[in-house]
Number of protein chains: 2
Amino acid sequence: MLDERKKKILQAIINDYILTAEPVGSRTIARKYNLGVGPATIRNEMADLELLGFIEQLHTSSGRVPSEKGYRFYVDSLLAPMSVSEEDREMLTRWYQAKSLKMEEVFQETARMISHMTHNISLVSAPQLTGCKFKYLQFLPLDEQRVIAVIVTDTGYVDNKIMMIPEGATEEDLRRISESINRRLSGMSIGAIKRSIVEQARDEIIPNEKMVTSAIDTIMDVMTARQKEKVYLGGTTQMLQQPEFRNVDKIQTMLSVLEEESRLNDILQEGAEDGIIVKIGQENKCSDIHNCSVVQATYRIDGEVVGKVAVLGPTRMEYGRIIALLKFMHTHLGNLLKGYRG
Amino acid sequence: MLDERKKKILQAIINDYILTAEPVGSRTIARKYNLGVGPATIRNEMADLELLGFIEQLHTSSGRVPSEKGYRFYVDSLLAPMSVSEEDREMLTRWYQAKSLKMEEVFQETARMISHMTHNISLVSAPQLTGCKFKYLQFLPLDEQRVIAVIVTDTGYVDNKIMMIPEGATEEDLRRISESINRRLSGMSIGAIKRSIVEQARDEIIPNEKMVTSAIDTIMDVMTARQKEKVYLGGTTQMLQQPEFRNVDKIQTMLSVLEEESRLNDILQEGAEDGIIVKIGQENKCSDIHNCSVVQATYRIDGEVVGKVAVLGPTRMEYGRIIALLKFMHTHLGNLLKGYRG
DNA sequence: TGTTAGCACTCAACGAGTGCGAGTGCTAAT
DNA sequence: ATTAGCACTCGCACTCGTTGAGTGCTAACA
């Protein structure tokens, strides 16, 4: 497809552009990357590469800039598979060691760390409980008017809601209600609960018990709330260091994208095959980030894909380093989280 | 202190500057606000006002800009107490009606709404449990190795942690432990628990029970975590509309302030007398926002101050409207939250 | 035939020079 | 005490020539 020399030149151009963010000219290539040919030759090759669509010129007589096609080729064919540098690896381990150990914070800290290391925005999606099952409900006393409904799932996630006690209900009544609900719904997934409720219209379970309906509502609430996976975000300040964001309007559109949780979910690719995905520019669905790239990795706990880690930045990003970093996360983040579970 | 006409002129200058964000000249004042005097007179008065330190000139032959002292005087003496406009009031009610009803989200939505209405950053601090008391601890079963420790406070806040079951411990043991802990610690504030633990070195309570120490750790964790009040944030995009943030570096410093939760707590004033506080420019402790102002209000539930709402923006902000809005929040937000409790 | 040196050409970026306009301070007249 | 008039100050926008990095093309060369 591309002869060896063209490949080398393209690689040099992209590497240089990633480093400097400035259009790169033939002279620069000849000087910095000694390919054994003069600038004139490189000019000719560059003209070819431009015709083929791998690089672009902003205007006549400016250096060349990689096109999206160019980046795509770079990522697919020119990038030697690399692993995280010694430096990065050290940073990684140190980061986690220094921090406290709350499960919830691991996601946030991971996002923060990645954004610090890459100077780009980082997204970390927390495990979703799609598959998890309702285990039991228990009422705990609070005061005369209210009880706490605690909902436990089989994966160990716990949530609670405060509920009013209907007039005249005794402690015994509450125990009876929770037992009855647990008997019927325990072990069911949220989908199953929904179906079950629709089938036997909910107030048939125990007729005329307001408490039951609101208890079930609570269960549904908690479980659906958890089903939407939460996306943690880091590095909005970091991104400002990138020269492509020295423009306030770009910052504004980017920030408004990041403010909407739904848009964040659009950025993280659904179908999530297990591994690394790189989406360059227009390949992104979300049109507001058409001049950005996303590198995304899944991570697993006990072999099952439970979440994603991603880096979002200008198309001109350090693909090599970022891919290596996310590959590392892909294999290690799950284990790390597992450790935090206890 | 200031004769009537000077006051009027100062007011006109500040109003105009708040509106336009451009230095305002004598001619403008004379034309737009007919004070019955010509521009030359106004020039003389402005020269006086400048000498007194209420207004400043960026360079000779530019219009005047209010100084911090000017804003201070404006807020203290020139601002007629006003209530929220019909428009704003409508927006307020509509906003809350349209949204769903989760307690946690009320803070976030409030911040978002205020920032939308004012085009400034908004901070809402959630109720802190400083004064609250530990009520009881209960273990709920999870699986063979683990239990869920649920901690309940007297204000109805519930949190939980997953704990490993020590080898050989039976369900009965757990019940005994929780009972023992509850007997000793129930009704105590976190400070009291800390003291109590120091006094009777913790493993004396029930000697040699690892479970007890980690249960108490859990209680401490949960209660200290809640003691730091969480601050919700809204309007990072909104602030970019302000002309003073058309500069990337300013955005950067501002965003990095907002990223650190500790800095947010610095912005919200501690001593929090019950009412509205306006801090202008240098009056702010946090040096990174020395060219910003903060308007802050407390809000109460059942008469007790539980949190704060604030607006953060350039010193050139619509003090009148914002103060009115926060006064409204001061009186109504508590009630609103109370409604969501159920 | 591929490579290179040389040359003319292009175009953004920079800086100096200019005119304009909004604004001021001062002074003298009202 | 107020104001009209005038000279003066600057920032801002605009123009225009210069510079420099870069290109494409052509002819010479190995």
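Below, read A as the first sequence line, B as the second, and so on, with proteins coming before strands; counting in each chain starts at 1.
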## Note on the structure
Whole-Å distance, B:I29 CD1 to D:dT2 P, equals 17 Å
### Task
Classify the side chain of A:R27 and the base of D:dG22 as holding, or not holding, a donor-acceptor pair under 3.5 Å.
no
### Task
Rounded to the nearest angstrom, tell me the gap between atom CD in B:E22 and atom P in D:dG11.
15 Å
### Query
Are A:E244 and A:K250 close enough for a salt bridge, meaning some N to O gap below 4.0 Å?
no
### Query
Testing B:E318, B:Q238, B:Q242 for side chain to side chain donor-acceptor pair (under 3.5 Å) with B:H119, which one passes?
B:Q238
### Query
With respect to the phosphate group of D:dG24, does any side-chain polar atom (N or O) of A:R64 fall under 4.0 Å of OP1 or OP2?
yes
### Query
Rounding to a whole Å, what distance do you find between B:R43:CZ and C:dA28:P?
16 Å
### Task
Verify the distance criterion only: is there a donor paired with an acceptor across the side chains of B:E68 and B:T315 at less than 3.5 Å?
no
### Query
Expressed in angstrom and rounded to an integer, what is the separation of A:N44 atom CG from C:dT1 atom P?
15 Å
## Note on the structure
Whole-Å distance, A:L49 CG to D:dT23 C1', equals 15 Å
### Query
Nearest-Å distance, CD1 (B:I42) to P (D:dT2)?
11 Å
### Query
Does any N or O donor sit under 3.5 Å from an N or O acceptor when you compare the side chain of B:S61 with the base of D:dT9?
yes
#### Entry: 5'-most by nearest nucleotide on DNA chain D - B:H59 or B:T41
B:T41
### Task
Among the candidates C:dT4, D:dT23, C:dG25, find the nucleotide nearest to the side-chain atoms of A:M46.
D:dT23
### Message
It should be established whether B:S62 places a side-chain nitrogen or oxygen under 4.0 Å from OP1 or OP2 of nucleotide C:dG23.
### Response
no
### Closest-nucleotide 5' rank along DNA chain D - winner of B:G36 and A:G25
B:G36
### Message
Can you tell me how the ring of A:H116 sits relative to the ring of A:W95, calling it parallel under 30°, perpendicular over 60° and tilted otherwise?
### Response
tilted
### Query
Between D:dG22, D:dT3, C:dG23, which nucleotide gets closest to the side-chain atoms of A:T28?
D:dG22
### Query
Below 4.0 angstrom, N of the basic side chain to O of the carboxylate: do B:D249 and A:R246 qualify?
yes
### Query
Is the distance from OP1 or OP2 of D:dT2 to the nearest side-chain N or O of B:R5 less than 4.0 Å?
yes
### Message
Distance check needed: C:dG2 C1' versus A:D3 CG, whole Å only.
### Response
12 Å
### Query
Choosing from D:dT23, D:dG24, C:dT24, which nucleotide comes nearest the side chain of A:S26?
D:dT23
### Euclidean distance, atom CD of residue A:Q57 to atom C1' of C:dC11 [Å, nearest integer]
11 Å
